*Asks:* 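Okay, handing you the structure first.
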Protein chains: 2
Amino acid sequence: MYYSTMKQASHLTNTAGYMLSKLGQAATEEFAERLRPLGLRPRHCGLLAAIRGMPMASQLALGQALNVVPSAIVPMIDDLEALGAINRVPDEADRRRYAIQLTPKGAALLQQAMAIALKLDDVILASLEKDERDTLRRLLDKLSSRSPQG
Amino acid sequence: MYYSTMKQASHLTNTAGYMLSKLGQAATEEFAERLRPLGLRPRHCGLLAAIRGMPMASQLALGQALNVVPSAIVPMIDDLEALGAINRVPDEADRRRYAIQLTPKGAALLQQAMAIALKLDDVILASLEKDERDTLRRLLDKLSSRSPQG
DNA sequence: TATTGTTATACTCTATAACTATA
DNA sequence: TATAGTTATAGAGTATAACAATA
């Protein structure tokens, strides 16, 4: 199926960059919506995943891993602490530091967030056949690993 | 060295939704960077394209087409007017309205923006083979047409 | 009363810079 | 002096509400 003559005018809006931008924004908004009952926002999920992947890391180390500045990572961790999802464990060797520890509740929240993300994927990809979904994920993953900021 | 929990931890970041979100954000930022010499921002480009596609439309009609609220579309059109890209033509039949008219300079700016967008696509998709790029564009387009907000 | 365009305002997100307490 | 964490603050982006002119 060709849309060859379809729109010279929409060349811009038919670029991969434009479509990625619009689809990504829509995906984030929908994810935020579904996440709300958990008291989480999309940003918290990436952080929770990082905390699980880097046990007892310092706050700034987590920020660097996520490319988030210190002044932004602190209130995000405040949020998770208020939810009981993490503990700030004082580092006795270096009393400036806190080691961030995932609580059982935090692990459960991450699990629920993952379930929501997977469910949302089914919705986002509903118009694709099963093999097309795999193809899309593979191609997006290929783009992600190439990007300067994964 | 293989961490069994690692794979599970990255489920969230391997969803299509997450990857679309991150890639879309990166694409927008890079587009903004390359657009800067023209005095445009990414949102001006979608607006310029809409103006070309809807000659002499009212400001609010353009806003509705782009799903942008009136209080946001006005300063965007202010920007384009300041650049000489559009004219606000008073509607003599309904003196509340302005018809938005693309100027030759505006058409030229849109053309340049399109060239930049196409060039950026080559960069974004550099890690894909030619047939993979076509496949990705086709799949993204399929997702876009399904979305509530194209 | 309703509608077009506009301004005022508020809220979020993000980043820079300054500050504290340790090292 | 440098670093971990924190707070203050300012800048964009975006949305709601109020408003003026006109229909």
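Throughout, a chain's letter reflects where its sequence line sits, starting with A, and its residues are numbered from 1. Owing to the predicted nature of the structure, the values given are computational and were not obtained by experimental measurement. Below, all heavy atoms of this structure are taken into account, side chains as well, without hydrogens, waters or symmetry copies.
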*Asks:* For I86(B) and dG5(C), what is the distance between atoms CD1 and P respectively, to the nearest whole Å?
*Replies:* 11 Å
*Asks:* Rounded off to whole Å, could you give me the CG-to-P distance for the L66(B) and dT14(D) pair?
*Replies:* 12 Å
*Asks:* CG of L60(A) versus P of dT7(D): gap in Å, rounded?
*Replies:* 14 Å
*Asks:* Return the value, rounded to whole Å, for the distance between atom CE of M76(B) and atom P of dT6(C).
*Replies:* 14 Å
*Asks:* Under 4.0 Å from any atom of DNA chain C, heavy atoms only: list the residues of residues 33-44 of chain A that qualify, in numerical order.
*Replies:* R41(A), R43(A)
*Asks:* Below 4.0 angstrom, N of the basic side chain to O of the carboxylate: do R137(B) and D121(B) qualify?
*Replies:* yes
*Asks:* Apart from V69(A) itself, what residues make up its hydrophobic cluster, given side-chain heavy atom links below 4.5 Å?
*Replies:* none
*Asks:* Which residues end up grouped with V89(B) if you chain together Ile, Leu, Val, Met, Phe, Trp and Tyr wherever their side-chain heavy atoms are less than 4.5 Å apart?
*Replies:* M56(B)
*Asks:* For the residue pair R97(B) and Q59(B), confirm or rule out a side-chain donor-acceptor distance under 3.5 Å.
*Replies:* no
*Asks:* Where along nucleotides 15-23 of chain C does protein come under 4.0 Å, by heavy atom, of base (B) or sugar-phosphate alone (S), with - for untouched nucleotides?
*Replies:* BBB---BBS
*Asks:* Angle, rounded to 10°, between the helical axes spanning five pairs at each terminus of the helix from dT1(C)-dA23(D) to dA23(C)-dT1(D)?
*Replies:* 30°
*Asks:* Are E132(A) and R138(B) close enough for a salt bridge, meaning some N to O gap below 4.0 Å?
*Replies:* yes
*Asks:* Measure from CD on Q64(B) to C1' on dA15(D) and round the result to the nearest Å.
*Replies:* 16 Å
*Asks:* Are F31(A) and L83(A) joined in one hydrophobic group, where the rule is that I, L, V, M, F, W and Y side chains link up if heavy atoms are under 4.5 Å apart?
*Replies:* yes
*Asks:* For L80(A) and dG5(D), give me the distance from atom CG to atom P, rounded to whole Å.
*Replies:* 15 Å
*Asks:* Mapping Q25(A) and Y98(A) onto DNA chain D by nearest heavy atom, which one lands closer to the 5' end?
*Replies:* Y98(A)
*Asks:* Can you check the D79(A) CG to dT6(D) P distance for me, whole Å?
*Replies:* 13 Å
*Asks:* When hydrophobic residues are tied together by side-chain contacts of less than 4.5 Å, even through go-betweens, does L60(A) share a cluster with L66(A)?
*Replies:* no
*Asks:* Round to the nearest Å and state the distance from E29(A) atom CD to dG13(D) atom P.
*Replies:* 16 Å
*Asks:* Check this for me, if you would: do R133(B) and E129(B) make a salt bridge, where the nitrogen-to-carboxylate-oxygen distance has to be below 4.0 angstrom?
*Replies:* no
*Asks:* The criterion is salt bridge (charged side-chain N to carboxylate O under 4.0 Å, His left out); which residues satisfy it with R95(B), sequence neighbours excluded?
*Replies:* none
*Asks:* Check for me, please, whether L118(A) and L125(A) land in the same ILVMFWY cluster - side-chain distances under 4.5 Å, paths through other members count.
*Replies:* no
*Asks:* Counting just side-chain N and O atoms, does R97(B) come under 4.0 Å of either OP1 or OP2 of dT6(C)?
*Replies:* no
*Asks:* Are any of the side-chain nitrogens in K119(B) or D122(B) under 4.0 Å away from the carboxylate oxygens of its partner?
*Replies:* no
